Amino acid sequence: MPVFYGTAVESALMLGTAQYPSPKILEEAFRSSEAGIATVSLRREERGGGDFRALVADLGAKILPNTAGCHTVKEAVTTAHMARELFATDWIKLEVIGHTDTLQPDVFGLVEAARILIADGFKVFPYTTEDPGVCARLVEAGCEVLMPWGAPIGSGRGLMNEYGLRVLRAEFPDQVLVVDAGIGLPSHAARAMELGFDAVLLNTAVAKAGDPARMAGAMAGAIRAGRMAYLAQPMEPRDMAAPSTPVLGRAFLA
């Protein structure tokens with residue numbers, strides 16, 4: 001059960017609300033996922049209005065507004081303030097995009113925006129890279145949660161830098177870590193949890209699946225399995241075979 005800024009959430013799956021074929025399919029997917037947190041874009045709210053807000057509120061998940069699509073510190077900070085007023089929460093998933101094609105975070109702007117928002121009472125969930133130096137600056141700024149990407153947003157490529165994610169987990173053993181973006185398959189989500197991450201945030205893999213509700217359920221099961229495997233302290237891989245049946249007592253034929 002992950003704990004974000006003192007709030008315990010039942011599920012380690014955080015699910016986005018964009019790109020679903022219909023509101024009904026969005027609702028079905030969330031029910032199947034049992035996600036504890038729903039991420040919401042302010043721009044999505046502007047298009048959907050009160051109906052969308054009511055739908056999201058009815059999902060029973062904690063709302064995490066985001067600053068998706070923001071490319072400057074000023075834009076991200078302004079969007080965060082608007083989201084706080086609209087959704088009545090001081091939680092914000094902070095995105096400051098630095099590269100249009102990859103949607104890689106602008107880590108310099110991200111740290112600056114995080115400092116501004118935390119000073120103003122926000123609880124910031126920064127979408128960042130797996131760079132330990134950048135993450136250290138975010139922790140110094142007051143972020144209790146770090147959300148490194150697995151791969152570019154919407155790419156479905158999984159964990160492109162597993163080594164970097166392992167280093168990050170070791171470097172920040174007491175920090176809440178969430179793999180955010182790039183998840184395409186349940187196996188990707190399970191692997192993130194096997195590495196010791198506290199949660200996984202995804203959207204496109206479910207929303208764009210042929211059967212979003214079924215994929216949402218698969219993601220939920222994979223995340224539970226990955227967490228259980230991590231807690232079970234799995235065996236270390238070996239270079240050589242090791243017999244599972246003892247040699248002692250084996251029959252010798254003349």
Side-chain angles (χ1 to χ4, degrees), residues 1-5 7-16 29-39 61-62 64 93 125 127-132 135 144-209 211-246:
M1 179 184 298
V3 178
F4 302 99
Y5 290 99
T7 299
V9 179
E10 288 291 333
S11 172
L13 175 57
M14 306 162 72
L15 191 58
F30 259 87
R31 302 299 181 201
S32 181
S33 74
E34 302 178 359
I37 292 177
T39 61
K62 175 79 173 175
L64 176 61
K93 179 192 169 186
F125 294 65
Y127 164 63
T128 183
T129 65
E130 69 278 21
D131 185 322
C135 289
E144 296 182 14
V145 178
L146 298 172
M147 302 178 70
W149 66 347
I153 293 172
S155 68
R157 299 184 66 86
L159 309 184
M160 294 200 310
N161 184 6
E162 187 173 306
Y163 168 78
L165 293 174
R166 289 201 307 269
V167 168
L168 205 61
R169 179 71 283 178
E171 187 75 14
F172 299 95
D174 302 319
Q175 208 75 23
V176 178
L177 299 182
V178 180
V179 169
D180 176 13
I183 299 297
L185 295 170
S187 57
H188 300 157
R191 185 59 184 148
M193 299 302 291
E194 288 170 357
L195 293 176
F197 278 71
D198 299 281
V200 172
L201 195 160
L202 56 92
N203 186 171
T204 309
V206 168
K208 291 299 186 180
D211 186 338
R214 181 169 290 180
M215 181 60 79
M219 290 291 185
I223 286 173
R224 286 193 295 269
R227 182 60 179 173
M228 290 176 65
Y230 172 73
L231 294 176
Q233 301 177 5
M235 63 173 284
E236 293 293 330
R238 297 169 52 97
D239 292 329
M240 299 294 291
S244 56
T245 301

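Computed from a predicted model, the values in this text were never measured in an experiment.
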Colleague: When rounded to the nearest 0.5 angstrom, what is the spacing between CG in L168 and OG1 in T129?
Modeller: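 Going from the CG atom of L168 to the OG1 atom of T129 covers 8.5 Å.
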Colleague: What distance separates F125 CZ from T39 OG1, expressed to the nearest 0.5 Å?
Modeller: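 Going from CZ on F125 over to OG1 on T39, the span is 11.0 Å.
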Colleague: Let me confirm one number: the CG-CZ distance from L146 to R169, rounded to the nearest 0.5 Å.
Modeller: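 With rounding to 0.5 Å, CG (L146) is 9.0 Å from CZ (R169).
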Colleague: Answer whether the closest heavy-atom distance between the side chains of V3 and V9 falls below 4.5 Å.
Modeller: no
Colleague: Going by atom type alone, with no hydrogens or angles, which donor-acceptor pairs under 3.5 Å involve a side-chain atom of residues 149-165 and a protein atom two or more places apart or on another chain?
Modeller:
unit_1, atom_1, unit_2, atom_2, d
W149, NE1, E130, OE1, 3.0
S155, OG, P152, O, 2.8
S155, OG, R157, N, 3.4
N161, OD1, G164, N, 2.9
N161, ND2, E130, OE2, 2.8
E162, OE1, R191, NE, 3.3
E162, OE2, R166, NH1, 3.3
E162, OE2, R191, NE, 3.2
E162, OE2, R191, NH2, 2.7

Colleague: If you look at every heavy atom in A61 and A35, which pair is closest and at what distance?
Modeller: CB-O, 3.8 Å
Colleague: In Å and rounded to the nearest 0.5 Å, what is the CG to OG distance from L13 to S33?
Modeller: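 Result: 5.0 Å between the selected atoms.
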Colleague: Is V200 close to M14 at the side-chain level, that is, under 4.5 Å between some pair of heavy atoms?
Modeller: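 Side chain of M14 against side chain of V200, heavy atoms only: no contact under 4.5 Å found.
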Colleague: With rounding to the nearest 0.5 Å, note down the distance linking OG in S187 to CD in E194.
Modeller: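 With rounding to 0.5 Å, OG (S187) is 9.5 Å from CD (E194).
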Colleague: Counting N and O atoms only, with roles assigned by atom type, does the side chain of Y5 sit under 3.5 Å from a partner on the main chain of E144, one being a donor and the other an acceptor?
Modeller: yes
Colleague: M193 and A12: which non-hydrogen atoms are nearest, and at how many Å?
Modeller: CE-CB, 3.9 Å
Colleague: Return the OG to NZ distance between S11 and K62, rounded to the nearest 0.5 Å.
Modeller: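 So the OG of S11 and the NZ of K62 are separated by 15.5 Å.
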Colleague: What pairs of residues pass the side chain to side chain donor-acceptor pair (under 3.5 Å) test when at least one of them lies in residues 223-240, not counting sequence neighbours?
Modeller: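 Non-adjacent pairs meeting side chain to side chain donor-acceptor pair (under 3.5 Å): zero.
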Colleague: If you count the non-hydrogen atoms of other residues, nucleotides and ligands that lie under 6.0 Å from CZ in R214, is the total more than 12?
Modeller: no
Colleague: Decide yes or no on side-chain contact (heavy atoms from CB on, under 4.5 Å) for L201 and V179, but give the supporting numbers first.
Modeller: CA-CA 6 Å; L201 195 160; V179 169; over 6 Å; no
Colleague: For the side chain of S32 and the backbone of A216, is there at least one donor-acceptor N/O pair under 3.5 Å apart?
Modeller: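 Side chain of S32 to backbone of A216: no pair is present.
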Colleague: Using modelled atom types and a 3.5 Å cut-off, is there a donor and acceptor pairing between side-chain atoms of D198 and backbone atoms of P2?
Modeller: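 No, D198 side chain to P2 backbone: no donor-acceptor pair under 3.5 Å.
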Colleague: Does some side-chain heavy atom of P148 sit less than 4.5 Å from a side-chain heavy atom of F197?
Modeller: yes
Colleague: If you take all heavy atoms of F30 and I37, which pair is closest and at what distance?
Modeller: CE2-O, 4.2 Å
Colleague: Going by heavy atoms in the side chains, are M219 and I183 under 4.5 Å from each other?
Modeller: yes
